[in-house]
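Reading through the structure tokens given below for one structure.
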Amino acid sequence: MHQTLISSLISVYISCGCSNLASQLLKEIPCWDFDLISANVIIVAFMKIGESDIAKKVFDDMPIRDVVSWNSMIGGFVKNGRFEEALRVFQQMLSLNNEPDAFTFASLIKGCAQLGGRDHAQWIHALLIEKQIAINYILGSALIDMYSKCGRIETAKEIFETIQRNYVSVWNAMINGLAVHGLALDAIALFSRMVLEKVSPDCITFVGILTACSHCGLIELGRKYFDLMSSYAIQPQLEHYGAMVDLLGRAGHLDEAYAIVQEMSMEPNVVIWMAFLSACRTQKNSHMGEVAINKIETLKSGDYVLLSNIYCSANKWDSAERVRDTMKKNGVRKNSGKSWIEMAGVIHQFKAGDKSHLEREAIYKVLEGLIRRTKMEGFIPTKELVLMDVSDEEKEENLNYHSEKLALAYGILKSSPGTAIHITKNLRTCLDCHCWMKVVSKILYRVIVVRDRIRFHRFEGGVCTCGDYF
DNA sequence: GTAGGGTTAG
């Protein structure tokens, strides 16, 4: 069979979801002597379905490669969450004197954003400048996104100010960056500026604005911007409804959140019901929680945990037990959490149940302290994120305990920029401390234990904000 | 003919 035909066939099989046929076809070819473009097509196709090993094999066997081959490998690895391998390919590319281009960097920057590693980020950015690659709107958006996810919102802002801002995606990246940093008012201010500069917001802009409101509990503003969408002829999508349900639910307006779900012009999906379910848990409303859970057709492990948590909150231990039994019976496995940490340039990975952290107890203490403060100062708990990993046994002991604590800790970090007491140290000094770092929503925070003093550090633009909690 | 960016949730 002609090689071009084979590569097209593989591509078609994969786009139709018949990946088995594609792999089989590849195996049956006695000798891989694809021309350049056919091989590239095959690499892209297998990367698309997550078969990076097959793609790698094809790539390794190529007698000649061009920049598209390299970029397909690097981009493919990044898409499949294998950034280390993407970096390895990139280094190989450089060592063989192949020149990277804007496509190469776009993938690498995205990889850094996923990982939240600031040293890698800086290296890639420096290299981009060294190679004198013009920063177009795609690279600009990617850079802004990368720096905000690495905890360097100030650097993200600097980049934003220096690049061409006539594309909506650049604004979206910046608005979303501010939103995840808990800077909702800045995000809203940027929206106004965007309108002044005559760039039309799109549906993603509103997702950013609504999530910003949701993170900070700005109900009135959330409602206002949700209504504003229609004046830009943007129909609310599932994502916007989701943000509203999240916002209203967290603030305790369960009925209004439920009304939104019912008024939706499309069928609510699992994400919407999950947001609602999550709100039911926070509000300790097991009745509404059951309504939500009944709607969720395909239960994932997380949904069971949420329902069980609702019962725990309402002291309905029997019901909680029943849910957990069902879980076991159905053979539901909990998703094991994973997190990444960059320390002195090295990326460390942690898995749930990983008990190798000597300072785990101290971290708990910090979080408990944060909860006390949160309750005292009346902050609204925002998103629930896994700040650190605990074993399944510990989760079993008290399902509610862990997530509640993390939610509150996250809430205080996001909703109180004034909490940090003083700005003392720079990044380098902190790296010298005996410390423990965690990635919170891809923003770098550190919990530092020095002689029984527990500190929480947040990094932004190379400046470390420290706060004492004990 | 093949490669790149910006979203929520967990």
Side-chain angles (χ1 to χ4, degrees), chain A residues 4-5 7-8 10-12 34-48 55 58 65-79 100-111 113 133 135-146 148-149 156 160 163 167-177 179-180 201-215 237-247 249 269-279 300-303 305-306 334-338 383-386 403 406-407 441:
Chain A
T4 315
L5 188 62
S7 67
S8 314
I10 287 176
S11 202
V12 168
F34 296 113
D35 63 282
L36 185 63
I37 292 179
S38 300
N40 286 348
V41 169
I42 293 171
I43 290 172
V44 172
F46 280 102
M47 279 300 194
K48 223 173 254 171
V58 175
R65 299 167 189 143
D66 67 355
V67 69
V68 177
S69 328
W70 290 101
N71 290 347
S72 306
M73 282 307 291
I74 294 169
F77 273 134
V78 169
K79 265 199 206 96
D101 63 6
F103 283 77
T104 327
F105 280 100
S107 296
L108 290 169
I109 293 167
K110 192 175 184 206
I133 290 168
I135 296 181
N136 57 17
Y137 75 99
I138 288 177
L139 284 173
S141 317
L143 280 171
I144 292 165
D145 183 54
M146 175 184 79
S148 19
K149 283 178 179 158
F160 176 78
I163 62 172
Y167 280 91
V168 66
S169 60
V170 178
W171 293 83
N172 289 350
M174 194 66 244
I175 286 175
N176 192 57
V180 294
D202 64 5
C203 56
I204 294 171
T205 321
F206 282 98
V207 174
I209 292 289
L210 293 179
T211 51
C213 294
S214 161
H215 282 197
Q237 302 297 305
L238 280 168
E239 293 81 356
H240 306 103
Y241 285 119
M244 285 309 285
V245 170
D246 194 56
L247 170 64
N269 67 354
V270 174
V271 178
I272 303 273
W273 284 116
M274 283 291 286
F276 186 69
L277 185 58
S278 175
K300 290 183 292 182
S301 61
D303 307 350
V305 174
L306 271 178
K334 289 181 194 170
N335 297 323
S336 57
K338 237 186 358 184
K383 287 184 196 171
E384 295 161 11
L385 284 173
V386 175
S403 58
L406 300 178
S441 182

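In this text the structure is predicted, and so the values were computed from the model without any measurement. When reading the values below, keep in mind they use all heavy atoms of this one structure, side chains included, and skip hydrogens, waters and symmetry mates. Naming: A, B, ... by sequence-line order, numbering from 1 per chain.
Side-chain atoms of A:Thr211 lie closest to B:dT8 of the nucleotides B:dT2, B:dT8, B:dG6. Nearest nucleotide to the A:Ala102 side chain, out of B:dG6, B:dG4, B:dT7: B:dG4. Closest to the side chain of A:Ile138, out of B:dA3, B:dG4, B:dT8, is B:dG4. Listed candidates were B:dT2, B:dG6, B:dT7. Nearest to the side chain of A:Val207 is B:dT7. When the nucleotides B:dG6, B:dT2, B:dA3 are ranked by their closest atom to the side chain of A:Ile37, B:dT2 comes out on top. Ranking B:dA3, B:dG4, B:dG6 by closeness to the A:Ser141 side chain, first place goes to B:dG6.
When heavy atoms are screened at a 4.0 angstrom cut-off, A:Tyr137 is found touching base atoms of the nucleic acid. A:Ala243 comes within 4.0 angstrom of nothing in the nucleic acid, heavy atoms only. No contact: A:Asp66 has no heavy atom under 4.0 Å from any strand. At the heavy-atom level, A:Val170 lies nowhere under 4.0 Å from the strands shown. At the heavy-atom level, A:Val41 lies under 4.0 Å from the strands shown only through sugar-phosphate atoms.
Between the CE atom of A:Met73 and the CE atom of A:Met47 there is a distance of 4.0 Å, given to the nearest 0.5 Å.
Judged as a side chain to side chain donor-acceptor pair (under 3.5 Å), and not counting sequence neighbours, the contacts of A:Ser141 are A:Ser169. Residues meeting the side chain to side chain donor-acceptor pair (under 3.5 Å) test with A:Asn269, sequence neighbours left out: none.
At B:dT7, one or more side-chain N or O atoms of A:Asn176 fall inside 4.0 Å of OP1 or OP2 (strictly under the cut-off). For A:Lys79, a side-chain nitrogen or oxygen approaches OP1 or OP2 of B:dG4 to under 4.0 Å.
In this structure, A:Asp35 places its CG atom 13 Å from P of B:dT2, rounding to the nearest Å. Rounded to whole Å, atom P of B:dT7 lies 17 Å from atom CG of A:Asp246. In this structure, the CG atom of A:Leu108 is 12 Å from the C1' atom of B:dA3, given to the nearest Å. Summarising the geometry, the separation between CH2 on A:Trp70 and P on B:dT2 is reported as 21 Å, rounded to the nearest angstrom. Rounded to whole angstrom, the span from the CG atom of A:Asn172 across to the P atom of B:dG6 amounts to 11 Å. As a whole-Å value, the separation of A:Ile135 CD1 from B:dG4 C1' is 14 Å. When rounded to the nearest whole Å, the span between CD of A:Gln237 and C1' of B:dT7 equals 12 Å. The distance from atom CD1 of A:Ile144 to atom P of B:dG4 is 20 Å, rounded to the nearest whole Å.
On a pure distance criterion of 3.5 Å, a polar donor-acceptor pair joins the side chain of A:Asp202 and the base of B:dG6.
Checked options A:Ile133, A:Leu143, A:Ile135, A:Ile138; the residue passing with A:Phe105 is A:Ile133 (criterion: side chain to side chain contact (heavy atoms under 4.5 Å, CB included)).
Between A:Tyr137 and A:Tyr167, the ring planes lie parallel to each other; the angle is under 30°, not in the 30° to 60° tilted range.
There is no side-chain donor-acceptor pair under 3.5 Å between A:Asn176 and A:Asp145.
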